[in-house]
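Have a look at the structure below, then the notes.
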Amino acid sequence: MWDRQTKFERNPILISDDHRNSNPLELRSLPELIHEKALLYPDKIALRFRDHVLTYHKLTNSVNQYARLLAEYGIKHGCIVGLAVDRSPEMVVIMLAIIKSGAAYVPLDPEYPQARIEFMLEDTGACFLITEEKYGDRFQYKGKMILREDLLRQALQYPTTPPKIDIDMDNLVYVLYTSGSTGKPKGAQITQRGLVNFLVEMQYEPGLDENDRVLALTTISFDISGLELYLPLITGAEIILTDAQTSKDTRLLMEIVKKQGVTVMQATPATWRMMLESWDKRLPIKVLIGGEALSKKLAEKLLEKCDSLWNMYGPTETTVWATFKQIHGDDEIITVGRPIGNMYAYILDSQLRPVPDGVVGEIFVGGVGVGKGYLNRPELTAQLFMDDPFSDMPGVRMYKTGDLGRIVNGGEIQCLGRIDHQVKIRGYRIELGEIEHTLGKQKGVKDVVVLPKDERLVAYVVLEKDQRARFAEWQKALRRTLPEYMIPSNFVTLPAFPLSPNGKVDRNALEAIRQEMEKANRVYIAPRTEQEQLIADIWSELLQIDQVGIKDDFFELGGTSIVAMQIMARLERETGRRLPLAGLFTANTVEKLASQLELDELSISWDLLVPVKPTGNKPPIFIVNGLDMNVLLFNNIARNVDPDQPVYGFQSKGLNGVDEPFETLEDMAAEYIAALLEKDFGDTYALAGYSYGGIVAFEMARQLQAMGKHVKMLAMFDTYAYNRGHFETGLPRYIRKVKRQFPKLMFVTNSLMRQPMETIRYQQAFFKRKYNEFAVYMGLQNPPSTDSAEDKINAKYEAAYRKYHMQPSNACIIDLFRVDTRLYFLDDPIYLGWKSYALKGLVVHNVKGNHKTFLMPPNDKDFAILLQRLVDKRMKPEADT
Ligand code: AMP
């Protein structure tokens with residue numbers, strides 16, 4: 001018999017909790033303990049899942065039926081059964097039935113990559129795989145596959161009485177895979193005795209009774225799920241089981257905790273931190289926290305909200321939790337306390353000698369929970385599992401945890417981090433070596449180091465000579481074998497790694513380099529959410545760039561206003577959300593755009609006035625959009641004018657598909673002015689308008705003048721001022737049209753000679769449009785759809801122009817920017833109709849390009865230089881208008 005009390009007295013370095021003596025050799029099996037509770041509380045609820053409940057009686061009956069059925073399939077002592085099923089009450093029944101049949105299970109998270117699951121199946125030599133119909137053809141598997149759906153049907157035909165199976169307490173109960181530093185995961189083998197000892201000890205402290213309700217949120221691929229699923233059942237308590245989706249959403253978890261009156265919940269610090277965000281009032285709940293270091297700050301916050309807080313420590317290899325400590329507000333140091341019953345912990349030096357109290361050493365864990373080592377990995381097992389020299393029981397072993405620690409408070413363990421490169425990210429245990437190994441095999445990668453940073457992984461890569469970075473490709477390759485939490489999201493490429501004096505990679509220096517590069521925006525940060533992924537994919541396709549990181553700037557990637565329109569249209573198609581094109585000025589990265597998508601409709605800015613480039617001390621220029629509604633085009637101007645020149649644009653009302661577009665040009669101008677005045681830009685203005693927008697700017701000048709404001713510059717970006725005759729109908733229109741035909745023919749002939757291809761293309765498009773109009777008129781064709789917000793606005797703009805009475809203006813000189821390439825005929829190609837309206841004078845400036853391209857590269861540069869010269873001239877304080 002093991003007597004911890006005597007051991008403790010004999011060896012003061014051994015830290016052990018001496019609260020009681022139990023004999024690990026007398027432990028009974030898990031099925032027996034549950035059966036006992038089922039007899040005691042047959043009608044009590046054992047498990048609750050959504051609206052579904054299972055009483056103890058029903059649960060054990062089902063387990064018995066399933067166990068008999070499994071036995072018929074051939075599942076027995078010594079078998080390892082792969083289990084890849086969704087979270088449901090049946091999952092629990094199947095797990096218990098496997099245990100009852102004397103076999104062990106290996107949990108296979110269906111969300112893991114296929115290759116990883118296949119590796120585990122092969123490594124364990126699992127003779128059976130129990131899975132869902134929907135996952136049936138996902139894995140290459142040579143053994144016998146049993147579908148959950150079949151089990152459900154078949155089990156009903158079996159007796160509900162317990163099958164007669166003797167369980168060997170030293171047989172395996174489960175095999176759990178954890179990340180392996182040499183590139184492959186490793187399977188820790190856990191015995192029934194270790195598991196039951198752990199459960200019985202937990203029942204005692206932190207403690208559980210039949211009135212408790214335990215939330216079971218952890219995936220069964222994590223050892224701590226054992227506490228959530230089995231501890232309530234050996235106690236007569238209730239399991240509140242959550243599905244996979246709910247488990248990831250801490251807001252939903254908090255709702256369940258409150259609604260279902262959960263009294264015990266266990267999670268990692270990362271999950272508790274998130275829980276706190278939706279945790280308002282204090283709750284009568286026992287909080288178990290473990291898997292990662294608990295900070296004092298988090299402990300304080302949790303203590304304010306819960307009944308009691310317990311810090312739990314233990315590697316998978318030693319069966320869930322090996323030590324624990326109740327944390328109080330006045331604890332100066334957060335420790336993981338002492339071992340649970342029948343478990344031991346030692347702090348040893350490199351020669352395996354106990355170190356004195358307070359001195360840092362490595363934590364070793366001994367006792368009944370120490371597992372049987374790693375499946376098929378004798379060398380690694382020999383390295384980490386060794387005879388326990390402090391125990392006088394023959395064959396007793398201890399496990400080398402790789403954790404640094406020291407003894408404080410006269411016998412408690414303080415964890416001080418890792419010796420090796422094992423890390424925890426959001427509670428997941430990761431060997432960085434496994435990622436490095438897998439990434440190192442990818443094309444172009446010469447050397448790689450992976451480091452954790454704020455709950456994410458950063459991969460530092462030295463490229464092979466003449467190779468380029470292939471971040472997205474590498475991530476894809478990693479996803480084939482590694483679970484999502486092991487995929488680095490940030491990549492940094494370096495010519496070589498910095499080395500420390502002993503010739504090793506200087507990991508600390510790497511972090512400093514990353515910070516520098518991040519400042520310079522040279523770190524690739526992969527999308528983290530579905531929204532970011534969607535946007536990055538769309539950008540990468542439309543910008544024709546291999547990979548787009550979430551911090552990359554749309555304009556720096558070469559984004560043009562046309563691509564911007566395509567992006568927004570595509571996003572609308574994919575998400576049903578409409579975002580303003582102008583939003584790209586501020587939401588110019590994938591990350592920012594994704595957060596715009598998260599906003600509710602009302603929080604998205606559809607302001608009429610768009611700050612294209614709001615900084616600079618010069619008088620701002622305000623440009624009204626044309627019929628294409630694309631204010632993003634003005635970015636080409638903003639980029640090429642003086643750094644000190646602010647540029648604003650106006651975008652149409654109604655683009656959000658909700659607001660009604662303007663009915664008249666006067667209204668349009670009035671609201672644009674209202675938006676201007678709201679911001680207080682002073683009393684003098686420089687206005688411009690692109691194409692149709694020129695007419696609006698003209699009307700704005702008139703209204704501003706009437707208000708006593710001073711418009712000192714009014715620029716038309718290739719705007720044609722049609723006189724009233726243009727909009728006449730009936731006979732006058734007909735006469736005007738006939739009169740135009742001869743000069744028009746001359747123009748087209750001329751144009752054909754100068755630029756044949758462009759002219760033909762333009763004429764083709766023109767005739768096609770005319771034909772379509774005619775076909776619609778004759779009823780041969782349906783009118784084009786005018787459903788989109790843009791179509792609706794365009795129709796209103798046309799109508800507004802028709803209604804508008806343009807009056808000559810004496811506001812200021814009009815600067816007309818006229819393109820040098822025109823494919824369509826104009827009645828007045830010299831002054832574009834402005835002569836009679838510009839009472840203070842009209843100055844024509846020839847600019848390169850046609851009506852569509854003059855604001856685009858390469859023409860935008862010269863255009864902006866010319867514009868800047870004019871703004872400077874017209875806006876000079878003493879300039880005469
Ligand atoms: P796992 O096998 O996933 O349970 O991870 C075990 C490792 O997590 C330990 O070796 C420690 O490095 C770390 N760990 C677990 N619990 C704690 C804790 N309460 N405080 C600090 N580290 C912990």
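Below, all heavy atoms of this structure are taken into account, side chains as well, without hydrogens, waters or symmetry copies. Residues: numbered from 1 along the sequence shown. All ligand and atom numbering here is 1-based and tracks the order in the structure.
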Name the closest protein heavy atom to [atom], giving the residue it belongs to and the distance to 0.1 Å.
| atom | value |
| --- | --- |
| atom 4 (O) of ligand 1 | G314 O, 3.1 Å |
| atom 13 (C) of ligand 1 | G291 O, 3.5 Å |
| atom 3 (O) of ligand 1 | K424 NZ, 3.0 Å |

Can you name the one residue among D331, L303, L298 that meets side chain to side chain contact (heavy atoms under 4.5 Å, CB included) with L309?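 Only one of D331, L303, L298 forms a side chain to side chain contact (heavy atoms under 4.5 Å, CB included) with L309, namely L303.
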Please determine which of E205, E201, R338 meets the side chain to side chain contact (heavy atoms under 4.5 Å, CB included) test together with F324.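 Of the listed residues E205, E201, R338, the side chain to side chain contact (heavy atoms under 4.5 Å, CB included) partner of F324 is E205.
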Within the structure, is a non-hydrogen atom of T178 found at a distance of less than 4.0 Å from ligand 1?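 Under 4.0 Å: no for T178.
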Under a 4.0 angstrom heavy-atom cut-off, which atoms of ligand 1 come close to [X]?
| X | result |
| --- | --- |
| V336 | 18 (C), 19 (N), 20 (N) |
| R418 | 10 (O), 12 (O) |
| T316 | 1 (P), 2 (O), 3 (O), 4 (O) |

Step by step, work out the side-chain contact (heavy atoms from CB on, under 4.5 Å) result for I327 and L294. CA-CA 10 Å; I327 304 293; L294 164 65; 4.1 Å; yes
Indicate yes or no: does an N/O atom of [X] lie under 3.5 Å from an N/O atom of ligand 1?
| X | result |
| --- | --- |
| R429 | yes |
| N311 | yes |
| D403 | yes |
| T401 | no |
| M312 | yes |

Do E362 and Y346 have side chains that get closer than 4.5 Å, going by heavy atoms?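 No. Closest side-chain heavy atoms not under 4.5 Å.
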Does any non-hydrogen side-chain atom of V92 lie less than 4.5 Å from one of F49?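 No, every pair of side-chain atoms sits at 4.5 Å or beyond.
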Ignoring hydrogens and angles, tell me if any N or O in the side chain of R426 forms a donor-acceptor pair with the backbone of Y485 under 3.5 Å.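 No, the answer is negative, given that no donor and acceptor are paired below the 3.5 Å cut-off.
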Taking the side chain from E292 and the backbone from G427, do they hold a donor-acceptor pair closer than 3.5 Å?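 Yes; at least one donor-acceptor contact below 3.5 Å.
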Which one holds for E292 and ligand 1: side chain close, backbone close, both close, or neither close, with close meaning a heavy atom under 4.0 Å?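 It is the backbone that gets close, since no side chain atom is under 4.0 Å.
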For the pair Y374 and F385, name the ring-plane relationship: parallel under 30°, tilted 30 to 60°, perpendicular over 60°.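 Plane angle over 60°, so perpendicular.
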Show your reasoning for whether side chain to side chain donor-acceptor pair (under 3.5 Å) applies to Y112 and E484. CA-CA 8 Å; Y112 279 4; E484 200 52 43; over 6 Å; no
